[in-house]
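Working notes for the structure below.
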Amino acid sequence: MSSYFSSLYVHVPFCMKKCRYCSFYSVKWSEEVEQVFIKSILREIKLCSELPHLFETVYVGGGTPSSMRPKTLEMLLKSLVTNFRFASGLEFSIEINPATVNLEKMNIMRDFGVNRISIGVQSFKDEELSLLGRMHSSKAAIDTIGLVIRSGFENISIDLMYAIPFQTVESWMNSLKMATSLKISHVSIYELTLEENTLLFKDLYSGKVSLPPEKDIVQMYLSGTEFLESKGLIKYEISNFAKKGFECRHNNNYWQRKPYLGIGPSAHSFNGKERFHNPSDLLKYSAILKYNSLMHIIDYRVDAKESLKEKVFLGLRTTDGVVLDSECLLNFFRVFEEENLVKIVGKRVFLTDKGMMISNELFVEALLHIENCPVCKQE
Ligand code: SF4
């Protein structure tokens, strides 16, 4: 591993309760699980501190990092700041969920240099929250945002979800209006996508719930984008909107394909040449660390073709787009320009709002083209 890691992702693998739509790796919180996790990750931090790194960004995600008890949270943050080296102007984010934080935890985060808080709100409508199986109410979310502001944080992001069963364009817009009435600097909006192994997928399959019509989902994204931009939260990526200067640098590093290190069970990493991950199971992960060793499972090696594919689908997610040297690939995108799905300026390709709505379909087509085209492979 020769490249310097410039970002660190820390995966906290437990939650107080499983949400009905969640297909991420997470286990139910218990004191015992928390103990196993902290013992193991403290070892992993020590081992990884030997790897070449200078972190510009740190992101503690999950799972629900804020479900850790104050003492454990303090141990984790202390270990991060004492073992790793950080560049000046570090962006240090942590994810929290409403109803899992208090003033003591917020003070610990602030005291250890956390300067960006990302809150999993999802909706400001109680019926939608209970359908999603979230633990908190709309009021708890508003109270948590107030607590975060009172604790001295200015860089605050919230996640909101659209295409929730029975959601209307009106209730979606009400959630956005509530969000922008609070002092936040960043909003991430995600379309609910249901994986087969989730409870909500089963409800959908058995006809207990139904998704909003497709035309409403399109409307939610387009009206949501317009509304957020009218409030000074400018889109800089398909799902992300920020006030000027509050764009998430950690995610920008992912999209620019800078090397990042992931620690914690199931965390993914990229060293510039390979993508790899830790064992996904907490017990397997901790069993390996008991012997003070790391286990990086290789996903794939990033050769020239993979590199071009990643550059295209990561770059096109952002409003900066992607600069392409391949004439062949530029010609491939010109067809979509006629349908107003992409814009091409010189060698730079961007998705339009319409293109962003169907970005996954466009990515699949572009990746297939790169895979099969003898010319693109050589460029
Ligand atoms: S809080 Fe997040 S990670 Fe945990 S179950 Fe819910 S969606 Fe999944």
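By convention here, the first residue in the shown sequence is residue 1. Read the numbers this way: they start at 1 and go in the same order the structure lists the ligands and their atoms.
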- Could you tell me whether the side chains of Lys18 and Ser26 share a donor-acceptor contact shorter than 3.5 Å? yes
- Do Asp126 and Ser137 have side-chain atoms, one donor and one acceptor, less than 3.5 Å apart? no
I'd like to check which ligand 1 atoms, numbered from 1 as shown, lie under 4.0 Å from a non-hydrogen atom of [X].
X      : answer
Thr64  : 1 (S), 4 (Fe)
Lys17  : 5 (S)
Cys15  : 1 (S), 3 (S), 4 (Fe), 5 (S)
Arg134 : 1 (S), 6 (Fe), 7 (S)

- Message: For Gly120, state whether at least one heavy atom is located under 4.0 Å from any atom of ligand 1.
- Response: no
Taking NZ, NE, NH1 and NH2 as the nitrogens, is one of them in [X] or [Y] under 4.0 Å from a carboxylate oxygen of the other?
X      : Y      : value
Glu56  : Lys258 : yes
Arg334 : Glu327 : yes
Asp203 : Lys208 : yes

- Backbone or side-chain N/O/S of Cys22 under 2.8 Å of atom 6 (Fe) of ligand 1: no
Considering only protein heavy atoms, which is closest to [atom], and at what distance to one decimal place?
atom                    : result
atom 1 (S) of ligand 1  : Asn97 ND2, 3.2 Å
atom 7 (S) of ligand 1  : Tyr21 OH, 3.4 Å
atom 6 (Fe) of ligand 1 : Cys19 SG, 2.3 Å
atom 3 (S) of ligand 1  : Gly63 N, 3.4 Å

- Message: So Ile344 and Phe350, do their side chains get closer than 4.5 Å, heavy atoms only?
- Response: no
- Verify same cluster id: Leu192, Leu176 (apolar side-chain graph, 4.5 Å): no
